[in-house]
Amino acid sequence: MCFYVDDLMFTGNDSIMFADFKKSMMDEFEMSDLGKMHYFLGLEVVQSDNGIFVSQKKYVREILDRFKMHNCNPANTPVEFGLKLCKVGSGKKVDSTFYKQIVGSLMYLTATRPDIMYVVSLISRYMESPTEIHLLAAKRILRYLQGTKDFVLFYKKGEKSDLIGFTDSDYAGDQDDRRSTSGYVFMLGTGAVSRSSKKQSIVTLSSTEAEFVAATTCACQAVWLRRILEELKFKQEKATTIFCDNNSAIKLSKNLVLHGRSKHIDVKYYFLRDLNNEGTIELTYCRSEDQLADIFTKPLKLLSFQNLRRLLGLCTMEELKKLKIN
């Protein structure tokens, strides 16, 4: 068994705890200490005094070669602005096995490429009977990767370790069943540590309800992340701030009165209200243009997409060179 050490984020007592854990594991199992992690299951890791860089550059090249897209023209965004897909897509049916192979390969890539998570989630809904338009949407992602294969996810050293979340929804965005898409992302320092883009399991009757459901899902993830961070000696002392761009949903999460507009919402989603009132999370308003989770719920225009991609912690190899990373 191999044992990788990644102690850049551990200092003082935390470093001692990590060393003790490593020693106990090596006493119990036959292991080799390989030092700091550099490569693991397709993830490439660069550690320096500036921070940690995680990427899947080699895996991206393998995907492009596998699907004969290594010489394709690059695209600026992974999904065309305003794209709407449905099960009865235009064009002839395509090989579902080939389509599933593309989708499956892209799903694994979202581990370090949150910028493609929304569209990968979108095209995965049509694996049963894909048509030409679905395949074109999948190939558009590959074209985008062609121009961004050197992108890495950057976690800057020395940044605050406060957990911050963003939640958003695209109301009734699915063309087949009119369900909304929930999206959230949690930042720890400069990089995204948890994110999701998923169609909601219920049909919501208003944008407020869609945002409320999305915020509840985000709050549940916040509780789980807070517990994990506490185990890692990064206990969050204050309430976790979750930014939402819908004032009605925020007011609903704090209002104890079930009025006519909200009484139809499933009781289970009022878990959000309890978390907010007990101080575990704090739902806070942000402008739509500052909503980081937007990138997980809908196709965006180029400038908006590039801005949010940067805020997620994704950067280019040129930026790495400016930091003089070895």
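In what follows, residues are counted from 1 in the order of the sequence shown.
- Note on residues 172-186: pairs passing salt bridge (charged side-chain N to carboxylate O under 4.0 Å, His left out), not counting sequence neighbours, are Arg125-Asp174, Asp174-Lys199, Asp177-Arg179, Asp177-Lys199.
- Note on Tyr118 and Leu314: same hydrophobic cluster, where clusters join Ile, Leu, Val, Met, Phe, Trp and Tyr whose side-chain heavy atoms are under 4.5 Å apart, directly or indirectly.
- Taking the charged nitrogens against the carboxylate oxygens, Lys58 and Glu62 do have a contact shorter than 4.0 Å, which makes a salt bridge.
- Residues Leu135 and Ile102 form a side-chain contact, since some pair of their non-hydrogen atoms from C-beta on lies under 4.5 Å apart.
- Both Phe21 and Met31 are members of a single hydrophobic cluster when ILVMFWY side chains are connected at heavy-atom separations under 4.5 Å.
- With a 6.0 Å radius and a threshold of 12 heavy atoms from other residues, nucleotides or ligands, Asn73 has its CG atom at or below the threshold.
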Worked check of side-chain hydrogen bond (donor to acceptor under 3.5 Å, both in side chains) between Ser194 and Gln221: CA-CA 9 Å; Ser194 179; Gln221 183 70 4; 2.8 Å; yes
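- Other residues, nucleotides and ligands contribute over 12 non-hydrogen atoms within 6.0 Å of the CD atom of Glu289.
- There is a path of hydrophobic side-chain contacts, each under 4.5 Å, that joins Met107 to Ile116.
- Around the CD atom of Glu231, the shell of radius 6.0 Å holds no more than 12 heavy atoms that belong to other residues, nucleotides or ligands.
- In this structure, Gln56 and Leu43 have side chains that are in contact, with non-hydrogen atoms separated by less than 4.5 Å.
- Taking the charged nitrogens against the carboxylate oxygens, Arg61 and Asp65 have no contact shorter than 4.0 Å, which rules out a salt bridge.
- Considering CZ of Phe53 and OH of Tyr155, their distance stands at 12.0 Å, rounded to 0.5 Å.
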field: Candidate pair Thr217 and Ser182, rule side-chain hydrogen bond (donor to acceptor under 3.5 Å, both in side chains), full reasoning
entry: CA-CA 8 Å; Thr217 302; Ser182 291; 5.0 Å; no
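- Ring orientation note: the planes of Phe305 and Tyr144 are nearly perpendicular, at an angle over 60° on the 30°/60° scale.
- By the 4.5 Å heavy-atom criterion applied to side chains, Asp168 and Lys298 are counted as neighbours.
- With hydrogens and angles disregarded, a donor-acceptor distance shorter than 3.5 Å links the side chain of Ser121 to the backbone of Ser197.
- Leu136 and Leu83 fall into different hydrophobic clusters, defined by Ile, Leu, Val, Met, Phe, Trp and Tyr side-chain heavy atoms under 4.5 Å apart, directly or through other members.
- Here the side chain of Gln146 pairs a donor or acceptor atom with the backbone of His70 at under 3.5 angstrom.
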- request: Take Arg113 and Thr148, measure what side-chain hydrogen bond (donor to acceptor under 3.5 Å, both in side chains) needs, and give me the verdict at the end.
  value: CA-CA 10 Å; Arg113 295 298 299 267; Thr148 60; 2.8 Å; yes
message: Applying side-chain hydrogen bond (donor to acceptor under 3.5 Å, both in side chains) to Arg273 and Asn276, what does each step give before you reach the verdict?
response: CA-CA 5 Å; Arg273 186 183 60 194; Asn276 194 82; over 6 Å; no
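- Residues Tyr59 and Leu109 approach most closely at CD2-CD1, 3.9 Å, considering heavy atoms.
- Every side chain to side chain contact (heavy atoms under 4.5 Å, CB included) that Leu41 has, sequence neighbours left out, goes to Tyr108.
- Criterion: ILVMFWY side-chain heavy atoms under 4.5 Å apart, direct or through other members. Under it, Leu303 and Phe81 are not part of a common hydrophobic cluster.
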